[in-house]
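Everything on this sheet refers to the single structure shown next.
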There are 2 protein chains.
Amino acid sequence: MSEVVSPNLAVSTVIFRLRPGADGTSELALPLVRRIRAPYEGRWALPGGPLTAHEDLAQAASRTLLATTSLQPRYLEQLYAFGQLDRSPDERVVSIVYWALVASDEAERTIENDNVRWFVADELPELAFDHKLIVEYALWRLRTKLEYSQIAHGFLGETFTLAQLREVYEAVLQKPLDPGNFRRTMEGSGAVVATGERLSGTRHRPPQLYKYDTSVNPADQGPLSHLTAPCTLVPANPSTTSFRTTTHASASGVSA
Amino acid sequence: MSEVVSPNLAVSTVIFRLRPGADGTSELALPLVRRIRAPYEGRWALPGGPLTAHEDLAQAASRTLLATTSLQPRYLEQLYAFGQLDRSPDERVVSIVYWALVASDEAERTIENDNVRWFVADELPELAFDHKLIVEYALWRLRTKLEYSQIAHGFLGETFTLAQLREVYEAVLQKPLDPGNFRRTMEGSGAVVATGERLSGTRHRPPQLYKYDTSVNPADQGPLSHLTAPCTLVPANPSTTSFRTTTHASASGVSA
DNA sequence: GCAAAAGTGTTGTTTCTACACCCATGT
DNA sequence: ACATGGGTGTAGAAACAACACTTTTGC
């Protein structure tokens, strides 16, 4: 109803994590917060809030994220600005939406309650505003970008096995991948490098641990890489997986 | 200096056209407008203006575009929202930037004067604000997207020869393409369809005229295709090239 | 030994690339 | 006839996909 010249500006974020699913594989999940005022009171919505005068857009995304869900993402990128006239029933609101990835261990720290909850990405309740459309777009971007960039490690800890990495791809793309070809592709891209350590405690041959080669930053970000993806390099917490790591460098390592 | 909670919201557009270059090939050009007030008075800047309360983001882009350069683009898509704190010296301004393509004949209608001028894309003057960065990003997007989508016809008229289409690719990607392979790729993608007409008046074998198959809309837009690219389908004006078209359907046509 | 996943090798298919060559028109 | 780009054919290279097979651990 307001006749202000400059519409209200808000920032929201679609956050993704992977969590163990029912059938042994991982499934995509995202956190929603329940609205506590009109419009759409009681409905689930994306975490977000108004942009304040002295913060960046990405800063605003991080801040509202932390405030509503207490999450700190490992990857954060702008998704799209939504400004349809009718997206909010009363006032005119333009939302600049970000999307983010968090590692599983970080996601565990969420305090879930009546107003904050993780939902499986393709079993969402009715959402407020146009948030359903926004989530669909974010999902499309995630799936598309996974195939030509190195964002997958946003879901993982500092080190990981190629099987874990493959599981990320399989969960997001929703299709099985050939382990042999996957290994070759990953090692061939140079984006991933063996640490020399191995993971023991599995009931089979201990797999090698890998980490991302941060020096390799292929041209998939564009001239805005320094602007859009400052959070890509946020170091992960030490892995809190239930496996132990041993350090007997094997002969078959790629680069020691 | 303003302490408003909601920053000012502006919309700008990076518009591209192709025009005949010095060496016989085409070159990318974009229109800039001269600023007539502080800050950056006298500097060249992207066309744009404030978002008003009763218009869409894309509408605002179209409106300001028409007002400042009297251009109507054939393709319009959101590029990015720029919101750095220091991008304007005095007030806080968040700019939602679009990028657009116009056909050559449409571009001819620009009324160039002291305050509106086309510049070759990689020979720009000093620009106001962060517009240099914005143009670089738009250029990157154009070049990237050209390779996996069907936006090239945004530069062309309703019908065109494959040589004209190839010229678009060569000018934007700045590298020569093999005519034979280009033809096969284009025909194989199904995005382009022969009209049956041919272009006469050249001093060699008359090439076939093609048009875009509008029914083919591959999944390169995402769930927002209906939202982001409403201008993609704007029909072009009848071709005003200096060639004549004849209509003798030849036997070697692909589909009549 | 057996199961199970790690890791390597191989083969056939598809796609890409370079380039040769014929075709149809204007001059 | 000849120059010029339109249009087609094709052989080699590279990338991809499917799947067999060997290795190393826990049990």
Side-chain angles (χ1 to χ4, degrees), chain A residues 24-26 147-148 159-170 173 175-210 218 241-256, chain B residues 24-26 147-148 159-170 173 175-190 192-210 241-256:
Chain A
T25 65
S26 296
E147 298 198 279
Y148 68 88
T159 64
F160 47 85
T161 69
L162 287 185
Q164 290 170 337
L165 185 60
R166 179 164 46 82
E167 215 181 303
V168 171
Y169 278 79
E170 291 180 335
L173 302 178
K175 68 181 178 193
L177 297 175
D178 182 280
N181 295 335
F182 182 81
R183 163 181 302 277
R184 260 185 297 264
T185 306
M186 280 300 150
E187 285 182 336
S189 77
V192 101
V193 61
T195 62
E197 291 183 83
R198 291 180 172 278
L199 199 60
S200 65
T202 63
R203 70 175 194 282
H204 55 77
R205 176 174 174 176
Q208 215 167 152
L209 281 169
Y210 288 78
T241 47
S242 52
F243 298 117
R244 285 157 289 129
T245 36
T246 58
T247 319
H248 56 98
S250 99
S252 63
V254 169
S255 62
Chain B
T25 64
S26 296
E147 299 198 278
Y148 68 88
T159 63
F160 46 86
T161 69
L162 287 186
Q164 290 169 338
L165 185 60
R166 180 164 46 83
E167 215 181 303
V168 171
Y169 278 79
E170 291 180 335
L173 302 179
K175 66 180 178 191
L177 297 175
D178 183 281
N181 295 335
F182 182 80
R183 163 180 301 277
R184 261 185 296 262
T185 307
M186 279 301 151
E187 285 182 335
S189 77
V192 100
V193 61
T195 61
E197 292 182 85
R198 290 179 175 278
L199 200 60
S200 65
T202 63
R203 69 175 193 282
H204 53 76
R205 176 173 173 176
Q208 218 166 153
L209 281 169
Y210 288 79
T241 47
S242 53
F243 299 117
R244 286 157 287 128
T245 35
T246 57
T247 320
H248 56 99
S250 99
S252 63
V254 169
S255 61

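Values below: all heavy atoms of this structure, side chains included; hydrogens, waters and symmetry mates excluded.
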Under 3.5 Å, which protein N or O atoms sit close to an N or O of nucleotides 21-24 of chain D? Give each pair with its distance.
from: dT23(D); atom 1: O2; to: R205(A); atom 2: NH1; distance (Å): 2.9
from: dT24(D); atom 1: O2; to: R205(A); atom 2: N; distance (Å): 3.3

>> Between R183(A) and R203(A), which residue's closest nucleotide on DNA chain C lies nearer the 5′ terminus?
In response: R203(A)
Closest heavy-atom contact between [X] and [Y]?
| X | Y | result |
| --- | --- | --- |
| L177(B) | R166(B) | O-CD, 3.8 Å |
| R184(B) | N181(B) | NH2-OD1, 2.9 Å |
| P206(A) | S200(A) | CB-CA, 4.4 Å |

Can you measure [X] atom [atom1] to [N] atom [atom2] for me and round it to whole angstrom units?
| X | N | atom1 | atom2 | value |
| --- | --- | --- | --- | --- |
| E187(B) | dG6(D) | CD | P | 13 Å |
| Q208(A) | dT8(C) | CD | C1' | 14 Å |
| L209(B) | dG6(D) | CG | P | 12 Å |
| E197(A) | dT25(D) | CD | C1' | 18 Å |
| L162(B) | dG5(D) | CG | C1' | 13 Å |
| L199(B) | dG5(D) | CG | C1' | 12 Å |

Set of residues satisfying side chain to side chain donor-acceptor pair (under 3.5 Å) with respect to [X], sequence neighbours excluded:
| X | value |
| --- | --- |
| S26(A) | E167(A) |
| T25(B) | D23(B) |
| D178(A) | none |

> Residues in salt bridge (Lys or Arg N to Asp or Glu O under 4.0 Å) with E147(B), at least two apart?
Replying inline: none
> Under the side chain to side chain contact (heavy atoms under 4.5 Å, CB included) criterion, do E170(B) and F182(B) qualify, and how do the steps go?
Replying inline: CA-CA 11 Å; E170(B) 291 180 335; F182(B) 182 80; over 6 Å; no
>> How would you summarise protein contacts on nucleotides 15-21 of chain C per nucleotide, using B for base, S for sugar-phosphate only and - for none, with heavy-atom distances below 4.0 Å?
In response: --BBB--
